[in-house]
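Structure, as structure tokens:
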Amino acid sequence: MTLATCEDRDTDELRAFRLKAREWMAGRLPPRIPGQPYMDWTDKELVAADRRTQRILWDGGLAGITVPKEYGGLGLTRQHETVFGEEAAPYRLAWHLGNNYNIVQPVLLAHGTEEQKHKYIPRMLNGDHIWAQMTSEPSGGSDLFGLITRAEKRGDKWYINGSKIWTTGGEDSDMGLCLARTDPTLPKHQGLTMFMVEMHQPGMTVRPLTLVNGTQDFCQEFLDDVEASEDNIVGEINGGWAVATTQLAAERSATSRGWYIGVGASLPRERIEIASHPVKLAHELGLAETQRARQIVGEVIALEALRELVAQRASKGIDAGTLPPTTGGVASLASSTLNQRASELMTELAGPCGVTGPADGGEPEQGMDRVWLFRIGGGSAEMLRNTISERHLGLPREPGPGKDVPFNQLRTNAAS
Amino acid sequence: MDVVLSENQTLLQQATRRFVEQEHPVVQTRRLADAKAAFPAETWTQCAAQGWVALFVPEQHGGMAGEAEGAVDAAIVAEELGRQVFAGPFASNAVAAFAIANAGSDAQRAQFLPGLASGEMQAAWCFAGTGPQAGLEPGALTVSDNRFSGSAGFVENGANAGLLLVTARDGQGLSQFVIPADHPGVSVEPLRSLDLGRGYATVRFDGVSVDNGALLGQSGAPGGNFERQLQLALVLQCAETIGLIDRAFEFTLEWVRQRHAFGRPIGSFQALKHRLADHTAEFEAAKAAVAYAAKAVHSSASDAAIAVSIAKSQCGKQGVEIIRDCVQMHGGIGLTWEHDLHFYLRRAVANQSLLGTPAMHHERIAALAGL
Ligand SMILES: Cc1cc2nc3c(=O)[nH]c(=O)nc-3n(C[C@H](O)[C@H](O)[C@H](O)COP(=O)(O)OP(=O)(O)OC[C@H]3O[C@@H](n4cnc5c(N)ncnc54)[C@H](O)[C@@H]3O)c2cc1C
């Protein structure tokens, strides 16, 4: 597989930036180790290493490439970011800080006060702060704007009570972007406010959750009079809906662009990549001559190639303006469906050998895929289907309670 | 087709859509089917005048290959034809013109290309054997000493073509011939077809003996010419399926917005919305694969062989799945003869099964991947 780099198309300025990045990273950044997960919050040393990596980039004048200069960034273009990504290919970048650059920076740039931007953005860029998204709650994540965590003002402080859950990296984060209900007498979208909260403070209990694959990437937080000042509010009081909408858009756009900076989802491939894992498995299992196995191998290769092709088509069409921006969600659904089908086929190929293995080996892989592969994070597949059918295809919404019903008259999953 | 088209390609797409909608809407296919009639030869010359086959024919022989992006432009045409389940013989003539333009002698090019470009001559492509495993591999026809025999199955346009492009196996490899359909020893047996707008035939060769002038390219060639023709045929078949899905999906969306049940449009029911979203995603992947394959075939890219099989895998499976579900969402009306949907579904099923089923293409992909 050939990856296109843009090196031969560099302008002088891009070339200079490329050389600067190349020189600074060489020998300073940790190498990218094949097979190492991009994120693993259970590996505290890896999280700490990522903070150091971010600091090294900051010291070398390479942090916050597209962030305006006045907030500690470089004020450069997406092309510079692409160049940086190409040069960073041999290294492990600060992937545990993904929320910082993918989510919180765009949100603060769009809705933060000057003071907030000056205070928080540089500390995201130098690795001091890791940010968490505190949106989902035990009572529900899909119906995001139906959340029930409350924030009340007493004196000149705000106090937040409730619980957040599925917070990626909650335990290791320093700050959280936390949406809370500030006026339950208003209709559900209108009574919300976005707070920046310190994760390590009295009243905040953070408890890691263990997922089916054994990792502890998520946490639940219990908020018991967690404090926030007026300065910690992003956007307007009861205007949290607008801020959260930017947050969701940033998440979607990062997911389609490639969440892990420098991991090249956006680099166009010149030729179809032939997935090698099904070929390898068929050989290992001695199935290379079996007709059904050969069919499966071919189909898995097709499905993997289709994922790449549909992603490329969507981004090319959206960039060219010939496909509507909602095609991003279509490609994302396609990718997860194709992935699901490929994984089903790999499980069929492996048969009993996919669900058992040597006692001293790792978790049996093919079968585990079937246990693990669900589409929930960043919005469930069902919610994506709702969005595609309504926004992309223009179909009518499901009837529901009117938009004007006060939130406290709606039925929720609040523990009573 | 691709999300970025050249200005000429956009014009070609618009002109073809207009022409087919006005002159050959799906109701024409229905009329031919009701009358059990073949696509009239003079109608094909009117279609060919649009320059469809000419995309592969050099200027000196009455074509415009020089200005065209062969497989890509032809795929644009095929997609438009699919939108109306066009009944005329585009793919068979395009493949023959492509084959002769690429591998033919000067004499063959001068003899056949002008007629193919203008539509006055019609060709059919004979390569596959008969039986459930046939359709992708050449091999049922054999040739030695310029005499060949065997039966070619599933020959599109076989009953109407005056010209046969025959691929046969010899001692060393594949040889191709261009012979008149009325050549002694050739017999054509029309088949009944699920696709009401397209005829197929079995063509039998009973010790047919030809002279050297009939040989296309070298004898015993390693198969590269045949492979490229197969790739083009697959691109056209898949592009046509894209057109079928596109149109069927279009009127299904219209239908679910207008049709009411339980006091609301059926398109507001999540059970239907989610399936339509899934189809949109699979369809987008199919479009991506076909656009890529058309480009790869046009530029003879090293991954063209695998690209067409990936396109066939997705179009074959999803073309049928999506259109079948479009019928389902129409309720009873979708099952009537009067509704156009069954023409789309019939063509999609035929396209899935001919030129290699998806499963056969999966085996081909595995082989291409070195398994
Ligand atoms: C990998 C991962 C990372 C995550 N990271 C974070 C994070 O950092 N911060 C954070 O706040 N959250 C995070 N989440 C939480 C995630 O956003 C929620 O789990 C998700 O939105 C679903 O919410 P829920 O679990 O409450 O399920 P529910 O909303 O209760 O949904 C249950 C089921 O009902 C379906 N459903 C709900 N509403 C509808 C509807 N209208 N139509 C059809 N079906 C419907 C859902 O699709 C789902 O199948 C993460 C989740 C995962 C898996």
Side-chain angles (χ1 to χ4, degrees), chain A residues 270-272 274-276 278-279 282-283 288-289 291-303 305-314 316-320 322-323 327 329-338 381-382 384-390 392-399, chain B residues 2-5 10 249 253 256-257 263-270 272-293 296 301-307 309-314 317-318 357-371:
Chain A
E270 281 171 349
R271 291 278 160 259
I272 286 174
I274 298 180
S276 59
V279 180
H283 276 304
E289 304 301 324
Q291 187 183 38
R292 179 64 192 139
R294 297 177 69 84
Q295 289 170 350
I296 290 178
V297 168
E299 188 166 6
V300 172
I301 292 171
L303 293 167
L306 285 163
R307 292 177 70 192
E308 179 78 30
L309 289 169
V310 71
Q312 268 181 35
R313 175 183 171 88
K316 188 171 156 196
I318 294 169
D319 285 351
T322 53
L323 294 178
T327 315
V330 175
S332 158
L333 179 62
S335 177
S336 75
T337 311
L338 295 164
E382 288 76 15
L384 190 54
R385 290 184 179 101
N386 289 346
T387 311
I388 292 170
S389 54
E390 285 162 19
H392 189 74
L393 301 177
L395 293 174
R397 295 174 62 92
E398 294 269 316
Chain B
D2 201 358
V3 284
V4 181
L5 297 180
T10 309
F249 203 69
L253 276 181
V256 301
R257 282 194 200 109
R264 47 197 264 222
I266 58 171
S268 68
F269 291 110
Q270 206 176 47
L272 303 197
K273 285 161 79 175
H274 279 196
R275 270 147 60 195
L276 290 164
D278 283 334
H279 298 330
T280 304
E282 297 283 8
F283 185 30
E284 204 61 35
K287 287 191 266 192
V290 178
Y292 186 90
S302 55
D303 58 355
I306 206 162
S309 287
I310 290 169
K312 175 67 196 249
S313 166
Q314 183 72 359
K317 289 190 129 179
Q318 299 304 321
T357 62
M360 285 154 75
H361 280 275
H362 296 151
E363 284 183 69
R364 180 173 131 106
I365 293 169
L368 288 166
L371 185 68

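So that the names make sense, note that chain A is the first sequence line, chain B the second, and so on, each numbered from 1.
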Q: Determine the option with the most heavy-atom pairs under 4.5 angstrom with chain B, choosing from A/Ile388, A/Thr322, A/Leu303.
A: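 Ranked by heavy-atom pairs under 4.5 Å with chain B, first place is A/Thr322.
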**Q.** Heavy-atom pair count under 4.5 Å with chain B, highest-scoring of A/Arg397, A/Lys316, A/Glu289, A/Glu299
**A.** A/Glu299
**Q.** All side-chain contact (heavy atoms from CB on, under 4.5 Å) counterparts of B/Ala296, not counting sequence neighbours
**A.** B/Tyr292, B/Ala301, B/Asp303, B/Ala304, B/Ala307
Q: Under the side-chain contact (heavy atoms from CB on, under 4.5 Å) rule, collect the residues that match up with A/Ser336, sequence neighbours excluded.
A: A/Leu333, A/Arg375
Q: With side-chain contact (heavy atoms from CB on, under 4.5 Å) as the test, would you mind laying out the steps for A/Val297 and B/Glu363 before giving the verdict?
A: CA-CA 8 Å; A/Val297 168; B/Glu363 284 183 69; over 6 Å; no
Any chance you could measure [X], atom [atom1], to [Y], atom [atom2], to the nearest 0.5 Å?
{"X": "B/Asp278", "Y": "A/Ser389", "atom1": "CG", "atom2": "OG", "value": "10.0 Å"}
{"X": "A/Ile296", "Y": "B/His362", "atom1": "CD1", "atom2": "NE2", "value": "10.5 Å"}
{"X": "B/Ser313", "Y": "A/Ile301", "atom1": "OG", "atom2": "CD1", "value": "11.0 Å"}
{"X": "B/Ile306", "Y": "A/Arg271", "atom1": "CD1", "atom2": "CZ", "value": "12.5 Å"}
{"X": "A/Leu395", "Y": "B/Lys273", "atom1": "CG", "atom2": "NZ", "value": "6.5 Å"}
{"X": "A/Ile272", "Y": "B/Ile365", "atom1": "CD1", "atom2": "CD1", "value": "9.0 Å"}

(Q) With a 3.5 Å distance limit and no angle check, can you tell me whether B/Ser268 reaches the backbone of A/Pro396 through a side-chain donor-acceptor pair? (A)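 Pair absent, no side-chain N/O of B/Ser268 close to backbone of A/Pro396.
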Q.
Between A/Glu398 (side chain only) and B/Gln270 (backbone N and O only), is there a donor and an acceptor less than 3.5 Å apart?
A. yes
Q) Which residue, A/Val330, A/Leu309, A/Leu306, forms the side chain to side chain contact (heavy atoms under 4.5 Å, CB included) with B/Glu284? A)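 Only one option passes, and that is A/Val330.
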Engaged part of [X] at the chain B interface, taking heavy atoms whose separation is under 4.5 Å:
{"X": "A/Thr327", "answer": "side chain"}
{"X": "A/Leu384", "answer": "neither"}
{"X": "A/Glu382", "answer": "both"}
{"X": "A/Ala305", "answer": "side chain"}
{"X": "A/Leu393", "answer": "both"}

Which atoms of [X] approach chain A - backbone, side chain, both or neither, heavy atom under 4.5 Å:
{"X": "B/Phe283", "answer": "neither"}
{"X": "B/Arg364", "answer": "neither"}
{"X": "B/Lys287", "answer": "both"}

Q) Which atoms form the tightest heavy-atom contact between B/Arg257 and A/Gly394, and what is the distance? A) NE-O, 3.6 Å
Q: Might you point out which heavy atoms bring B/Thr280 and A/His392 nearest each other, and give the distance in Å?
A: CG2-CD2, 3.8 Å
Q: Quick one: which of B/Leu253, B/Leu272, B/Val256 has the most heavy-atom pairs under 4.5 Å with chain A, could you say?
A: B/Leu253
